[in-house]
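Everything numeric here is computed off the predicted structure, so don't read it as measured data. Reckoned from all heavy atoms, side chains included, excluding hydrogens, waters and symmetry mates. We count ligands from 1, going down the list as the structure has it; atoms in each ligand are counted the same way.
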Amino acid sequence: MLLSVDRDSAVPLWKQICARVAQLVDDGSLRPGSRLPPSRSLADKVGVNRSTVYRAYQELWAQGYLDSRPGSYSVVRGRLRPPAASEDARSLIDWSQVSTPGAARAHQALEPGPRRSAPPDGLLDFASLAADPALSPVDELRRALRQVLANGGRRLMDYGDPAGYPPLRETIARRMRTHGVKVAADQILITNGAQHAIDLVLRLVLHPKADLALESPTYAAAIPLFKLHGARLQPLPMGPEGADLDALRTLLVRRPPALVYSVPNFHNPTGITTGQVHRERLLSLCEDHRVPLLEDGFEEEMKYFGKAVLPIKSMDTGGVVIYVGTFSKVVFSGLRVGWIAADRDCIRRLCAISRYTHLSGNTLTQAALQCFCESGGYEWHLRRLHRIYRRRMQTLLDGLDAHLPRRLVHWTRPAGGYTLWLHLKHWTADQEAGIVERLKQHDVAVSAGRDYFPVSPDGAYIRISIAKVDEPAIESGCRKLAQVLKRAAEV
Ligand SMILES: Cc1ncc(COP(=O)(O)O)c(C=O)c1O
């Protein structure tokens, strides 16, 4: 067997030997049953260390090219299955045929969808709604991680409690009580983010083809998830005060949905926060008709203008509200820690589903997060975010006031959070994509409004997020926005 290695190559010597032997087997030069030279003699011939050949043989054995018994020769094995020729070999399964209807719809909704990759450098990112990595409490989290690993880290390496790391459940329950929600730790289920929490709730209550009432527009990534579960979506138009509750009442009387989904604070995408009266009415309607209300409090803590409005869950004496929270928008989204606060029986049932679908969450992360919260780091970080985003949002509002003509555009005035909603009054729904594209050509990325509607909207809209843009960028973005819209209106 002739073998040579390239000592100048970046590829390790054992890998080179392995690849060469595999090639000789694949092209038939080495036939099944042929003996390979003992590792010592091949090493002498090639001029490498014996352990290098040994490692190459081990790899070849792992890949199914060799049979080897201790103390005996390595023998070439007749591989029944040839190795895949390339990474994108064609599948024998037609995945579009085997996909369930819900999965097929989710796939369709993916392209073009709300989840895009990060905009290229130089593009002003008014699209992304994820906590700004520039503001991440990296040092504090590093300290927390080090601390929990030092204090009994080995216990955190096992599967954890399916309901979540108990001290974090306690911390979240306490935090919720500061928002007026009277819950104990056993009424909290920790999830891998709010999206996972919504999925669990859907698994619990949504029978195939059941109706689901939701605000329109709404959180874009919830729409394909609802459809994946086979829900029939019943849109409730959003007005300046929140969802149309007369439409909800009619729906509840005619054919009660299995679930009502609402984002009462800093609604995604409009930024609207509903008032106390709206909240009371929404809760009463759900109570009267015994329909669970899924309250998505994804940015509950991001109120930085005016007085706080308590979550609907804080008035829930009848246990109809399933509250969902997350650390994604305040700490960072890659953390994947969210939670559900609900009636005990509901939590137990959700916990059973969660246990079968993901066994347990990431205990180490949850323990570090709990340490971060308990050390006061979370509270400090939150106050800092409020200061920063109060300024950012004010800059955006001032910029729009200064540059955008109201005859062309109407916009919301959020009391917190990251997003603001523009109604492009002068344009039709069909023209919306053109405006988004023009803005992109001027290096401004925004989210197209149509992604947020369960059914095609009547008008043209865009969502602006200030999550990842600082004040100078917001000012320049407002000017560019105005420039593009004014020009487009002249055409
Ligand atoms: C309204 C709303 N709910 C839930 C989520 C999902 O959050 P998480 O990252 O915790 O899954 C998002 C994410 O943007 C959202 O906007």
Side-chain angles (χ1 to χ4, degrees), residues 106 109 113-118 125-133 136 164 168 172 175 188-203 212 214-226 228-229 236 238 242-243 259-274 293-303 311-313 321-341 350 354 357-358 361-362 365-366 369 378 389 412 414 416-421 447 449 451-454 463-468:
R115 299 254 164 248
R116 293 175 210 95
S117 48
D125 185 4
F126 270 155
S128 177
L129 174 52
D132 191 342
S136 289
L168 183 61
I172 291 173
R175 188 94 208 155
I188 304 287
L189 165 63
I190 297 179
T191 61
N192 297 339
Q195 192 77 5
H196 176 218
I198 298 171
D199 181 60
L200 286 174
V201 173
L202 296 176
R203 284 170 194 261
L212 186 151
L214 76 177
E215 290 147 350
S216 175
T218 190
Y219 166 42
I223 300 172
L225 179 61
F226 295 151
L228 182 66
H229 283 274
L236 308 170
M238 276 295 277
L259 188 71
V260 176
Y261 172 67
S262 175
V263 187
N265 270 6
F266 326 122
H267 175 256
N268 183 6
T270 64
I272 291 172
T273 295
T274 61
L293 170 62
L294 176 51
E295 176 177 19
D296 185 339
F298 79 121
E299 285 177 357
E300 190 76 55
E301 309 245 72
M302 282 304 291
K303 171 95 178 165
I312 303 175
K313 181 78 187 147
V321 181
I322 304 175
Y323 180 94
V324 165
T326 178
F327 287 96
S328 280
K329 308 297 173 185
V330 172
V331 185
F332 67 100
S333 44
L335 196 62
R336 308 314 301 140
V337 181
W339 70 92
I340 301 174
L350 288 166
S354 171
T357 55
H358 82 306
N362 182 331
T365 307
Q366 292 178 20
L369 185 58
Y378 176 81
Y389 282 99
T412 52
Y418 304 103
T419 62
L420 176 149
W421 188 237
S447 303
D451 288 342
Y452 300 87
F453 287 88
R463 188 194 76 177
I464 291 190
S465 166
I466 50 164
K468 287 192 186 162

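Distances from ligand 1 to the non-hydrogen atoms of R336 include at least one value under 4.0 Å.
Checked against a 3.5 angstrom limit, the closest N/O atoms of F298 and ligand 1 fall outside it. Residue S328 places at least one N or O, backbone or side chain, under 3.5 Å from an N or O of ligand 1. Residue N192 places no N or O, backbone or side chain, under 3.5 Å from any N or O of ligand 1.
A donor-acceptor distance shorter than 3.5 angstrom exists from the side chain of T273 to the backbone of F266, with no hydrogens or angles considered.
Applying the side-chain contact (heavy atoms from CB on, under 4.5 Å) test to T326 and every residue at least two apart in sequence or in another chain returns A194, F298, S328.
Of all the listed residues (V263, D199, D296), D296 holds the heavy atom that lies closest to atom 2 (C) of ligand 1. With distances taken over non-hydrogen atoms, the option nearest atom 10 (O) of ligand 1 out of L129, T218, T419, T326 is T326. For atom 6 (C) of ligand 1, the choice among W339, Y219, Y261 with the nearest heavy atom turns out to be Y219.
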As a quick check of understanding, evaluate ring pair (Phe, Tyr, Trp, His ring centres under 6.0 Å) for Y452 and Y219, giving each step before the final call. CA-CA 6 Å; Y452 300 87; Y219 166 42; 8.4 Å; no

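Interface atoms of ligand 1 facing G193, defined by a heavy-atom separation under 4.0 Å, are 10 (O), 11 (O).
We find the CD-CZ distance between Q366 and F327 to be 9.5 Å, quoted to the nearest 0.5 Å. Remark: D132 CG to I466 CD1 distance equals 10.5 Å, nearest 0.5 Å.
Contacts with ligand 1 closer than 4.0 Å are made by no heavy atom of S333, backbone or side chain. Only the side chain of K329 comes within contact range of ligand 1, with a heavy atom under 4.0 Å; no backbone atom does.
The pair K329-E301 fails the salt-bridge criterion, with no side-chain N (NZ, NE, NH1 or NH2) lying under 4.0 Å from an Asp/Glu carboxylate O.
By the 30° and 60° cut-offs, the orientation of the rings of F453 relative to W421 is tilted.
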